[in-house]
Amino acid sequence: MTINPVLSMDGEVVNNNASEIKVQKEETTEINKVETLKTLGYFHEDTKQQDINKRNAIIRFQSEHNLTVDGIYGPQSETVLSALVNGSERRYLDVIDQPPTKGKWMTINKTKRILTLYEGDKVMKKYPVAQGKEPGLTPEGKFTIVNKLVNPGWGGAGIAQPVKGGSPNNPLGYRWMGINHGGGGSYGIHGNNNPRSIGTNASLGCVRMINSDVAELFDIISLKTPVWIGTHEKLKEWGVDQKSYLGYIEEIRLAEEKATKEKQAIKQAEIEKAKQEEAMKQAEIEKVLQEKEESNKQIEEPENIPTIKEYLEYINGIQH
């Protein structure tokens, strides 16, 4: 890392340690983030471009925790990653009321850009996706997979020249899974030739995936696999609640806060009880001391006891 010196008006070098420290801190944070994502299993060598691999790690991490997938490591991603580093449990929070099958099926959350693979009501895996550049381009509804193709050809969609299957320039990548909307050849789940588009609204209506992810999914699912596509709210209407991990963190925080307050209340009650007991003991001590003091006064100050002279005079008076 090279830091260019800051010069004053007369050409003298000005100390810029603060700038250097700031840059070093940012670089250290970036390294720690990448290393943590590697440790947690989100970083894959998908390409020879490390910036793409880092971005893929971020969007995989975001999809895994039901965060909005955008490839930006912002406050929400930082909150979740910090929680995991500090020992928070890795878990899926999806709640499914009535799955369409006990076998494998999928949802595509258009709000969060997440494809979720389920088996019955259990999450198998989550994947980041890209979708239609306009909200209405990616169809919503309950569909099924009707065809699967390796190295699909792209017809050009009426806006470009067709591209042969297997070409690195093919917008469909190397796998295609068509849905029964539009006959199976118009809309589907496929790979890409633009990895930075994953986690954005970029397609003509299809659902794009990271090429290694779509290859994995392709081998898992079969024809007639149900695919539900909708916004986050639409999926909830269908009985699929894909809760964000941020909500789980908040629940833990509130539970810990409640437990802390309860402990503090118990401690305060113990302190108050101890104070009351101490006050009672002190009152008893003061009572005993007061009684002793009054007793001593009665001994020290006898009332109406005659002297010897007075006693003799009293006796003589009786005799005479």
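The analysis underlying the following values was restricted to heavy atoms, covering all of them including side chains, and did not include hydrogens, waters or symmetry mates. Just so you know, these numbers come straight off a predicted model, no measurement behind them.
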| request: May I ask you to decide if Glu78's main-chain N or O and Ser82's side chain share a donor-acceptor pair within less than 3.5 Å? | output: yes
| Salt-bridge criterion met for Lys234 and Glu140 (N-O under 4.0 Å) | no
| task | Could you point out which residue of Leu149, Ile189, Leu223, Val146 forms a side-chain contact (heavy atoms from CB on, under 4.5 Å) with Met177? | result | Ile189
| message | Between Thr116 and Tyr127, do the side chains contain a donor N or O and an acceptor N or O under 3.5 Å apart? | response | no
| request: Classify the ring geometry between Trp176 and His190 as parallel (under 30°), tilted (30 to 60°) or perpendicular (over 60°). | output: parallel
| said: Within this structure, what is the CH2-CD1 distance for the pair Trp105 and Ile145, rounded to the nearest 0.5 Å? | reply: 13.5 Å
| query | What is the distance from atom CE of Met124 to atom CG of Leu117, rounded to the nearest 0.5 Å? | reply | 5.0 Å
| said: Please determine whether side chain to side chain donor-acceptor pair (under 3.5 Å) holds for the pair Arg113 and Thr68, giving the CA-CA distance in whole Å, both sets of side-chain angles, and the decisive distance to 0.1 Å. | reply: CA-CA 7 Å; Arg113 292 183 286 267; Thr68 298; over 6 Å; no
| task | Evaluate whether atom CD of Gln98 has more than 12 neighbouring non-hydrogen atoms of other residues, nucleotides or ligands under 6.0 angstrom away. | result | no
| request: May I ask you to test the Tyr174-Pro168 pair for a side-chain heavy-atom distance under 4.5 Å? | output: yes
| task | Could you list the residues that satisfy side-chain contact (heavy atoms from CB on, under 4.5 Å) with Lys224, not counting sequence neighbours? | result | none
| query | Is the shortest side-chain N to carboxylate O distance from Arg253 to Glu257 below 4.0 Å? | reply | yes
| note | CE of Met209 to CG of Asn211, rounded to nearest 0.5 Å, is 10.0 Å
| Cation over ring, Lys54 on Phe43, under 6.0 Å and within 45°? | no
| said: My understanding is that only one of Lys236, Lys122, Lys126, Lys112 makes a salt bridge (charged side-chain N to carboxylate O under 4.0 Å, His left out) with Asp94; could you say which? | reply: Lys126
| query | To the nearest 0.5 Å, what is the distance between CG (Leu67) and CD1 (Ile114)? | reply | 7.0 Å
| request: Give, for atom CD1 of Ile108 and atom CG of Leu115, the distance between the pair rounded to the nearest 0.5 Å. | output: 4.5 Å
| query | Is there side-chain contact between Arg208 and Ser197, with heavy atoms separated by less than 4.5 Å? | reply | yes
| Between Arg196 and Asp51, is there a side-chain N and carboxylate O pair less than 4.0 Å apart? | yes
| message | With heavy-atom distances below 4.5 Å as the criterion, would you say the side chains of Thr225 and Thr144 are in contact? | response | no
| said: Classify the ring geometry of Trp228 against Trp238: parallel below 30°, tilted from 30° to 60°, perpendicular beyond 60°. | reply: perpendicular
| request: Take Ile179 and Ile229, measure what side chain to side chain contact (heavy atoms under 4.5 Å, CB included) needs, and give me the verdict at the end. | output: CA-CA 11 Å; Ile179 64 173; Ile229 304 176; 4.0 Å; yes
| message | For a quick check under 3.5 Å, do Gln282 and Glu278 share a side-chain donor-acceptor pair by atom type? | response | no
| task | Answer yes or no: is there an ion pair linking Lys102 with Glu119, defined by an N-O contact shorter than 4.0 Å? | result | no
| task | Sequence neighbours left out, what passes side chain to side chain donor-acceptor pair (under 3.5 Å) with Gln62? Give chain and number order. | result | Asp70, Ser77
| field | Residues which pass side chain to side chain donor-acceptor pair (under 3.5 Å) with Asp46, listed by chain and number, not counting sequence neighbours | value | Asn56, Arg60, Ser212
| What about Leu246 and Val69, same hydrophobic cluster or not, with Ile/Leu/Val/Met/Phe/Trp/Tyr joined at side-chain heavy-atom distances under 4.5 Å? | no
